[in-house]
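Working notes, beginning with the structure itself.
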Number of protein chains: 2
Amino acid sequence: MSSEDIKNKLTEKGLKVTPQRMAILEAIYNLKNHPTAENIIDYIKKMHPNIATGTVYKVLGALVDNRLVKKVKTENDIMRYDGVMKSHHHLYCMESDVIKDYVDEELDELLQNYFEKKNLPGFKIEDIVLQVKGTFNK
Amino acid sequence: MSSEDIKNKLTEKGLKVTPQRMAILEAIYNLKNHPTAENIIDYIKKMHPNIATGTVYKVLGALVDNRLVKKVKTENDIMRYDGVMKSHHHLYCMESDVIKDYVDEELDELLQNYFEKKNLPGFKIEDIVLQVKGTFNK
DNA sequence: TTCCTAAAAGAGAATAATTCTCATTTAGAT
DNA sequence: ATCTAAATGAGAATTATTCTCTTTTAGGAA
């Protein structure tokens, strides 16, 4: 991803091309694995020591609004608390045909919560089973 | 869930039975749908106007530590940002045998993120497909 | 039942991530 | 080159949560 490419992405969306926006997009493309705002700020300050943190948040918001970047909620809102839950999933080994049950109540909570907020239009969910495909370490 | 039942749950775990803990557990059992700490605080203050918010957080922590309550991370840590993603899932209608593709990049991010943190021991994940079972509205 | 003590609660300051406010600067259209 | 709406900077404000420290209390022991 060259500077030209990044600049074009901004221009295509009708966003003014500023050094701050260039730096932030570049940081996101270079920092793999879903960087936090803090990761991005730290990264950018190496080259732009004077950028305001408020600016980073504002730019990130603009990038998300314009679908140049996705906001990932590794937990969306605020902590919540609950008492119960159940269900199980499957780990499929692609090398050996082994299928292993996988119980993870935290994941179930996460999914239930996600779909409660998502509210799939026209579909009433009864159960969710994950097919997790991969390989068991030998 | 009676007061006695709630009291027993605390006692079984070796936790002192306090009015605050009783009230918080009762709030969690009555407030469906994963209440937030704020929901719980609001609910409890109807009956216990003087409870300290710090106490609520402390009690919730103790309840989670003692597995009386689960902490659900509708988003775990801090906002993160990314650029790409893909994959698709299936909606299975239990009444009609219809199977519909379901694309949801936000969900994929969520799952990828979840398992990156979870790190299933002995298993290397290649792909995750959700089987979402339910019914299409007629 | 009363006493004792570790544990719990209260009050509010502290912290951390994020948002807001408003004065100043700047990208880019004219 | 000029102009102006948009963007940035600086730091205060906000929000959820944690921490600190003093006071109170649950519940076991005398």
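Each chain gets a letter, A, B and so on, in the order the sequences are listed, and its residues count up from 1.
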For B/S2, is there any backbone N or O sitting under 3.5 Å from a side-chain donor or acceptor partner on B/D5?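 Confirmed, B/D5 side chain pairs with B/S2 backbone.
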
Quick check for you: among [options], whose closest atom lies nearest to any side-chain atom of [X]?
| X | options | result |
| --- | --- | --- |
| B/K16 | C/dG28, C/dG10, C/dA8 | C/dA8 |
| A/A37 | C/dA17, C/dT18, C/dA27 | C/dT18 |
| B/Q20 | D/dA16, D/dT8, C/dG10 | C/dG10 |
| A/V17 | C/dA11, D/dG9, C/dG28 | C/dG28 |
| B/E38 | D/dA26, D/dA16, D/dA10 | D/dA16 |

Count the heavy atoms belonging to other residues, nucleotides or ligands that lie under 6.0 Å from NZ of B/K7, then report whether that count exceeds 12.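 Incorrect, the count does not exceed 12.
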
Reading DNA chain D from 5' onward, which residue's closest nucleotide shows up sooner: A/T53 or B/T11? A/T53

In whole angstrom, give the distance that lies between atom OH of B/Y57 and atom P of D/dT15. 12 Å

Distance check needed: C/dG28 P versus A/M22 CE, whole Å only. 10 Å

Any donor-acceptor pair, under 3.5 Å, between the side chain of B/K58 and the base of C/dA8, if you only look at N and O atoms? no

Could you give the distance from CD1 (A/I40) to CG (A/L60), rounded to the nearest 0.5 Å? 4.5 Å

Hey, does the side chain of B/T18 come within less than 4.0 Å of C/dA9's phosphate (OP1/OP2), counting only N and O? yes

Check: B/Y114 and A/D104 side chains under 4.5 Å, non-hydrogen atoms: yes

